[in-house]
Amino acid sequence: MMPAKEARSRKGLAESFIGRDIVSMRDLSTEQVLFILDLAEEYEEMNEPLLKGRILANLFFEPSTRTRLSFQAAMGRLGGSCIGFADASNSSVSKGESLADTIRVVENYCDIIVIRHKFEGAARLAADYSARPVLNAGDGTNQHPTQTLLDLFTIRKIHGRIDDLRVAFLGDLRYGRTVHSLIETLARFECQFVLVSPPQLRLPSEILDDLAALGVRCREEFDPSILPRDVDILYTTRIQKERFPDPIDYERVKNAFKLDREALSIYDKTVTVMHPLPRVNEISTDLDDYEGAAYFKQAKNGITVRKTLLSILLGAAQ
Ligand code: CP
């Protein structure tokens, strides 16, 4: 049986989420992040109808497979249901309706809103207009907090911890929102970073400045064809074609690197290879059965973490 003090603290933490928005990882304290990861361990095999009768609105203004479908599946597994759209061209946005008006209307039809949008700040705006909790499923190049939580959950399952790890971020660090929210969070846990990208896709200077201010150990490398040796995790990202203002710039970097068995032969241990997916050509399929390949595990863990988030935000966590 759980000691009374611990039970009170768990109850207090669970209550701290009720009705909240999660737009950025900065919305969560370190204690809350760890609470979500702990609860997610319990929720992995749990499919009780905690959310029976509750409705999730999935508003996807940008394409998605994993995030949208795993939120939908998470809601279904917990007995709730989903409304929404996967393509805003089929919504009244195509007639000129504003995001603010869309949110004001949709909040009447649901208990919680998940939104993905191409503009940074769109999820925050949605949260400002909604009386229902809003979860950011990716806003432009800014943040993707639920991806970060499932990435952390995956890292902890593999390494037994999320602190004091050496992590290389590889690929499009400029436009990759999954990198932006994950690196800021791992920085709280005394991890060290190697940032490997073509110079034009380096991590935005605001994030570099934040890491420097925190005293985080971080070095940049600008030849992504050379992997850093001193790492536990390679977090790889797709070059985000859709974010480039000029397609010629994309053509210059689109094949900047490729991870395959041969590239990983420099390591005398198994390194964890992560990727939020979808991949294009940056990870060879010959790595799919590599012991350290974690990208499909990440996608699978998405449903566990999203079941947890929906339950705590809707005050149904047990
Ligand atoms: N990782 C991720 O966000 O995937 P989707 O774009 O398919 O949702």
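Each ligand, and each atom within it, is numbered from 1 in the order the structure gives. Bear in mind that the values here come from a model prediction, so they are computed numbers and not experimental data.
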- Item | ligand 1 contact on T178 by region, counting heavy-atom pairs under 4.0 Å | neither
- Task: Could you list the atoms of ligand 1 found under 4.0 angstrom from a heavy atom of Q147?
- Result: 1 (N), 2 (C), 3 (O)
- Message: So if I count the atoms of ligand 1 from 1 in the order they appear, which ones are less than 4.0 Å from some heavy atom of L277?
- Response: 1 (N), 2 (C), 4 (O)
- Task: Look at the rings of F61 and H117 and say which category their plane angle falls in: under 30° parallel, 30 to 60° tilted, over 60° perpendicular.
- Result: tilted
- Go through the structure and list residues passing salt bridge (charged side-chain N to carboxylate O under 4.0 Å, His left out) with R161, not counting sequence neighbours. none
- Query: Of the listed options (H275, R177, R116, R68), which comes nearest to atom 6 (O) of ligand 1 when hydrogens are ignored and any heavy atom counts?
  - Reply: R116
- Task: Using salt bridge (Lys or Arg N to Asp or Glu O under 4.0 Å) as the criterion, point out the one residue from K307, K300, K157 that pairs with E44.
- Result: K157
- Query: Under 3.5 Å, is there a donor-acceptor pair between the side chain of T270 and the main chain of G292?
  - Reply: no
- Query: Would you say ligand 1 has an N or O under 3.5 Å from any N or O of P276?
  - Reply: yes
- Query: Does R124 pair with D21 as a salt bridge, N-O distance under 4.0 Å?
  - Reply: no
- Task: Using non-hydrogen atoms of the residue, decide whether E62 is closer than 4.0 angstrom to ligand 1.
- Result: no
- List for me each residue that meets salt bridge (charged side-chain N to carboxylate O under 4.0 Å, His left out) alongside R219, sequence neighbours excluded, and say none if there are none. E221, D230
- Task: Take every heavy atom of H144, measure it against each atom of ligand 1, and state whether any distance is under 4.0 Å.
- Result: yes
- closest protein heavy atom to atom 4 (O) of ligand 1 is R66 NE, 3.0 Å
- Message: Could you tell me, atom by atom, which parts of ligand 1 come under 4.0 Å of a heavy atom of T67?
- Response: 2 (C), 3 (O), 4 (O), 5 (P), 8 (O)
- Identify, by atom number and element, the atoms of ligand 1 in contact range of T65, meaning under 4.0 Å from any of its heavy atoms. 5 (P), 7 (O), 8 (O)
- Task: Run the salt-bridge test on R229 and D268 with the 4.0 Å N-O cut-off and return the result as yes or no.
- Result: no
